[in-house]
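Here is the structure we will look at.
Every heavy atom of this structure was used, including side-chain atoms; hydrogens, water molecules and symmetry mates were not.
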Amino acid sequence: MTATGNAPANAQAITPVLVRLKLSLLRNGLRQSAGRRAAYIVSVTVTLLIAALQLLGLIALRGSEHAATVCVLLTGVLTLGWAVMPLFFPSGDETLDPTRLVMLPLRPRPLVRALLVASLVGIGPLFTLCLATGATIALAHGAAAAATGVLATALTLLVCVALARAVAAANIRLLTSRKGRDLAVLSGLVIAVGAQAVNFGAQKLGSSGLSTLDPAAAVVRWIPPASALGAVDSVSEGAYATGAAQLALAAAALVALLALWQRSLTRLMTTPDGSTLAAAEPDKGTSRAFDALGGLLPAGRTGTVMERSLRYVWRDPKTKAAWVTSLAIGLIVPVFNALQGTGSVYFACFAAGMLGILMYNQFGQDTSAFWMVAMTISSTRDAYVEVRGRALALLVITLPYATLVTVLTTAMLGEWPALPEALGLSFALLGAMLATGAWSSARFPYSIPQEGYKNVAPGQAGLAWLSIFGGMVAAALLCAPVLALTIWLHASAAASWTWLLLPIGTAYGWAVTDAGLRLAAPRLARRLPEILTAVSKG
């Protein structure tokens, strides 16, 4: 990729080199470990299987009155995935980072064309090609529609790839900085919301049919690149002018994305990197907030441990990602079920359960920095105060959040008499999970890798399963007395006394938590070297 004389390399010379570079990066990545090769092979196999089934399914829609609706909306959802993928997974593809090429004597325009061709190598483009091909076969009726379908398939694929590259190039300075990687924590929220939205939509479709999607499809068919497939349907119906306009929209979108991509590359190649300057400056607002919080926390080691834990929640990307995901799912599950009319006030316990899981593997989030904590623990009393401080830090957020979710769910269902017992059960469950989480953290610690998207270090998956799922089973057993009391009060026609479950559940949860902390403390004090070794493997 060098220039001849003073003339920069042209696109024809760059393109095969970048394609070979993409293949070399893929091949060298697979050579790193057998586990990585196995994961890649499995992912390719699953993706190809889904793509094949999707292709067959779309072909089977040929002739259906809702074929256009399904094809257009699927293309729209896939395009959205291409747009957000570089934001949530900036390190998923090394070739998404154009800053690796800024020192080479390359012009932006030929570089864009060459990178666009190289970007067509991969699983994602193949999956997109299968979807576009299946949609074209489903929608094309007649020679004119078939010819339009060929153009539509190519435009759909190119627009999706160009969209991902343009988004990556426009945000790469932020995404490759340490502070910018915090954006990836939103992936948990998007996945949680998306899963519940899909579930909600599937239930609506099951009761109302595909016709409910027709209004949405009427809008999406004019949004590129779905407009290209909308053009195939329009031409099939004889609306040639409409089809030409929809094709023109997709082509214009491709030109605009390529221009935006080229502009971003020009800026990257001609301006210095100042993305980390703001991140290097101290965040005075956050510092003042934590200083104010420190004045409200207990004095001594308990307050210090609580403040340290809360700072982890705010600053550590992996800890923040876990909290964002738990907070989102804990709210979405009861609320979405209430919206669908199939919910129960007891679903609000899901919030306490999701946040209680965060108590497990408390020392793994410290990684190798746990040695500084271990240096301050010289007795069972020190260990007890350490785990108590971590539990109290979690309660600072969990108690008001679980209460809020329970009240909101009760209000949506209109079952106000059940609010005290729902809160009592939530607090009892939270206490049981804090107790088992503290003991499990000392008994089954494992490392959380700081880089990448893995939450368990290689070779420690068994420990993670024992820690989380074993602890959850134990927590369920610990909640059995409160649950049995709830069932007995309803079965014995003593429902007017269910309000007692709030103070009973609260007291029981606190007692179980304290017992669990006291059981975990001596084990933590004895096993400090083993825990340090386990959490430092990542």
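For the pair I504/W499, no side-chain contact is recorded, criterion being any heavy-atom separation below 4.5 Å from C-beta on. Between I332 and V335, every side-chain heavy-atom pair lies at or beyond the 4.5 Å cut-off. Residues W416 and V407 form a side-chain contact, since some pair of their non-hydrogen atoms from C-beta on lies under 4.5 Å apart.
Residues R526 and T380 bring no donor and acceptor atom of their side chains to less than 3.5 Å of each other. Side-chain contact check for T436 and Y360: at least one donor-acceptor pair (N or O, by modelled atom type) lies under 3.5 Å.
Proximity of a side-chain donor or acceptor of R388 to a complementary backbone N or O of L517 within less than 3.5 Å is not detected. With K320 contributing its side chain and W314 its backbone, the two residues share a donor-acceptor pair below 3.5 Å. Without hydrogens or angle criteria, T75 side chain to A226 main chain gives no donor-acceptor distance under 3.5 Å. The backbone N or O of Y446 sits less than 3.5 Å from a side-chain atom of N361, completing a donor-acceptor pair.
Between R381 and E386 there is no salt bridge, since no side-chain nitrogen of the basic residue lies less than 4.0 Å from a carboxylate oxygen of the acidic one.
Taking R523 as the reference, nothing meets the side chain to side chain donor-acceptor pair (under 3.5 Å) condition, with sequence neighbours excluded.
By the 30° and 60° cut-offs, the orientation of the rings of W439 relative to F444 is perpendicular.
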